[in-house]
Amino acid sequence: MDVLSINGTPACLLDLRLQAVTLNQEMIHMLHLKETDLSFSQWIRCFRHTGQHRLQQSLHQLLTEGLRESSVQLTDKNFDRRFHCRMVHLTNGQITFTLAETEEEQHFYAPGPADTDVPSRNDKPSLSIMNYEGFPFSSFSSSQIKHRMTHIVDKFPHGLAVINHNWEVVYANPKMEELTKRPFFKNYYKRLWDIFSIDEHYPFFQHFLRSMETHETMEFEGFLEDTQLDVKVTVHPTELGLTVFLQDITQYNKHLQALKASEERFALLADNITDVFWISEPDFDEVHYISPAFQSLFDIPRRKAFTDPKSLLQHVHEADRAHFVEGFSKMKEEERVVDYRVIVGGKEEKWIRTKGFPVDYNGKPLILGIHQDVTEYKEMIELKEKSQQLSTITQMSAGIAHEIKNPLTAIKGFLQIGAANPELRDNYQEIILDEVNRIEAIVQDFMMLSKPKSSIQLEEVDPEQLVSYVLRLLEPEANEKQILLLFDCDPVQETFKTEPKRMNQILINLVKNAVDAVDLGGEVRIEIQMSSSHLTLYVRDNGPGLSTQELAKIGEPFFTTKEKGTGLGVMVTKKIVSDLNGTINYESEKGKGTTVVVKLPRA
């Protein structure tokens, strides 16, 4: 890779999203490795354990704080060499990492004047460090400055101790006493193993000895049995001995372990669930995370999802692309669910449901989402709809056969009587014609239901005139039952664009049903309301009304409360209203009549 050709410098490319590392030959040789490609966890174990934490912290800062580059000091796992490491964030979680071997560290403590005395064993602990040869404080001439520096060291938030070449403790600050539960004031100039048991603290003594012999700064982590603390220890050699820093990392380790456990649980979930989790920038130009199931769901390499986040659009069914783009663009503002088809493997078609919503992560807007395969669900819904259609057709066929069979039986019977008794034919002629008309009405209703929606021819009509015409048409039938037809309409009505024939049919069916439902001397009231966007038509009657169960069945094939009804009239009315892009609702209560509400949009 070009980014690894850095003038023979040991380098590698970290891809933190894929947790992969690619090394050049120089770094392979430097770290005594054999492979060019490693997982991130394999690669990071090439460095000392304590350095791994610093490295991960630096990488995290690069990704979350918008830094372009960072550096860190590391030691290889064999404690042989120290490196200065430089990291540069390229893009999309990819980071170049270069190593440079450092020279031996300069001694941390500058020697004091030659005439500086080593403190006596009776010196106070707070002052002994000020006179100890090897600390820079001995070069200060002002007693005020010395006092101030002593106060700073005593208040240092980490444990600090000084050990001479005879392994005697010559100073320890209060924090060191607190962490180790050892009274160092009483133990000054005692050897270290007289204060701490070698058996119980063997790893500590190992590192102290190595630092004393090799003059290398040692960093390691240990556990203090007496105080049950995890500590980070830094041992720094000087010309006069060792300086030891002790930092309590118990809570840090607990948080680290909790975070690691949480990450492992999330990885377990993400690696084994068929749904795909993802986190993206609002403009979808960069994907921060996408779970492993992505490749099996879409048959697209996961790496491609990171390098080219918008590549998914190429696999979306052409007919669904506009819907796909529109839905995803709105996810930055609100939660959206988008169903679309994708072409997998060049031929297989899958239904995918994507749910995405905006989130705020430390002040940075992101989109969190999930992809689900809903192919089986879609197929089940389609099968259910087909089953319902088949059930409806079967029900309607049985109903039509039943409704036509009755008048046919009557016609056949009277024709047979007429054939046997020619002189009686004229007596049955009218009955036969009524039965034929009944058959014709049933067939017409059925044809209306099966007829596809034709083009609507809209015309300007006066709603008041339309209703008045229908009422005049049905008035004779209403008068026979002494039913009062009432019409409520605002004095001034605007014209309304609709198709007159369909509108007439709606009114006739509704008013006729109301007249049929009302008992002798009842009342049917028609009302029209006009708004800027809709025309609303109300047909109310004071008939016996419908029960909750009957109301739920309104519109089903051949459900009717009439003695000779078929139920097809309601279905025809609903279809006509639907053809006009309107809605129809029934409101009824047993013993209190029925109200039908038709709402039609204004063109």
Side-chain angles (χ1 to χ4, degrees), residues 323 326-327 330 334 336-337 445 448-449 451-475 478 483-518 522-543 545-546 548 550-556 559 567-589 592-603:
H323 174 62
E326 180 186 7
K330 291 182 178 179
E334 60 184 3
R336 298 288 292 187
V337 177
D445 284 343
M448 175 68 75
L449 289 171
K451 183 179 179 181
K453 179 179 178 181
S454 57
S455 59
I456 305 295
Q457 302 296 326
L458 298 179
E459 298 179 18
E460 292 282 353
V461 297
D462 185 335
E464 185 176 357
Q465 290 181 3
L466 208 60
V467 175
S468 298
Y469 167 76
V470 172
L471 294 184
R472 287 196 304 273
L473 189 66
L474 297 175
E475 192 171 16
I483 293 173
L484 188 61
L485 297 179
L486 301 173
F487 178 36
D488 295 334
C489 185
D490 294 338
V492 180
Q493 288 285 347
E494 302 175 28
T495 58
F496 178 73
K497 258 193 174 181
T498 187
E499 188 177 80
K501 289 182 180 180
R502 281 185 167 89
M503 190 67 184
N504 274 336
Q505 189 66 50
I506 292 171
L507 284 165
I508 290 171
N509 289 356
L510 294 180
V511 175
K512 193 174 187 309
N513 282 346
V515 170
D516 291 342
V518 173
E523 177 182 295
V524 175
R525 185 180 296 271
I526 300 93
E527 180 184 348
I528 288 180
Q529 292 180 1
M530 187 91 74
S531 71
S532 59
S533 59
H534 288 86
L535 178 142
T536 307
L537 172 69
Y538 300 89
V539 179
R540 297 185 175 92
D541 67 63
N542 60 353
L546 301 170
T548 304
E550 290 172 332
L551 194 61
K553 291 184 177 181
I554 286 287
E556 291 185 6
F559 170 76
L568 294 178
V570 175
M571 294 184 67
V572 169
T573 304
K574 283 191 169 185
K575 183 177 188 304
I576 296 173
V577 171
S578 177
D579 289 347
L580 294 174
N581 299 319
T583 60
I584 181 170
N585 293 293
Y586 286 79
E587 302 169 1
S588 187
E589 190 175 343
K592 294 186 178 181
T594 302
T595 300
V596 185
V597 183
V598 177
K599 199 170 187 179
L600 300 172
R602 300 187 69 169

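All residue numbers refer to positions in the sequence shown, counting from 1.
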Just so I know, are the side chains of T594 and N513 near enough to count as touching, which here means a heavy-atom distance under 4.5 Å?
no
Where F496 and P601 come nearest, the two heavy atoms and their spacing
CZ-O, 3.8 Å
Once rounded to the nearest 0.5 Å, what's the spacing between atom CD of Q529 and atom CG of D488?
10.0 Å
Nearest 0.5 angstrom please: Q505 CD to L510 CG, how far?
10.0 Å
Hey, does the side chain of R525 reach the backbone of N542 with a donor-acceptor pair shorter than 3.5 angstrom?
no
Which heavy atom of R602 sits nearest a heavy atom of M530, and at what distance?
NH1-CG, 3.7 Å
Which one of N504, L474, D462 satisfies the side chain to side chain contact (heavy atoms under 4.5 Å, CB included) criterion with Y469?
N504
If every non-hydrogen atom of L458 is compared with every non-hydrogen atom of E499, which pair is closest and at what distance?
CD2-N, 4.1 Å
Measure across S588 and G593 and return the closest heavy-atom pair with its distance rounded to 0.1 Å.
OG-O, 3.1 Å
Give a yes or no answer on whether the side chain of T498 reaches the backbone of E459 with a donor-acceptor pair at less than 3.5 Å.
no
Rounded to the nearest 0.5 Å, how far apart are NZ of K512 and OG1 of T573?
11.5 Å
Contacts of T595 that satisfy side chain to side chain donor-acceptor pair (under 3.5 Å) - sequence neighbours left out:
none
Applying side chain to side chain donor-acceptor pair (under 3.5 Å), name anything that partners E475, two or more places apart in sequence or on another chain.
none
Report yes if the side chains of R502 and D579 come closer than 4.5 Å at any heavy-atom pair, otherwise no.
yes
Scan I528, L600, V597, T583 and name whichever one has a side chain to side chain contact (heavy atoms under 4.5 Å, CB included) with T536.
V597
Shortest non-hydrogen contact from E523 toward L486:
CD-CD1, 3.5 Å
Would L507 and L537 count as a side-chain contact (heavy atoms from CB on, under 4.5 Å) if you check the C-alpha gap in whole Å, the side-chain angles of each, and the deciding distance to 0.1 Å?
CA-CA 9 Å; L507 284 165; L537 172 69; 3.3 Å; yes
Considering all heavy atoms, the nearest L485-L471 contact
CD1-O, 4.0 Å
Could you list all the salt bridge (Lys or Arg N to Asp or Glu O under 4.0 Å) pairs where at least one residue sits in residues 530-542, not counting sequence neighbours?
E527-R540
Which distance, rounded to the nearest 0.5 Å, do you find between the CD of E464 and the CZ of F487?
5.0 Å
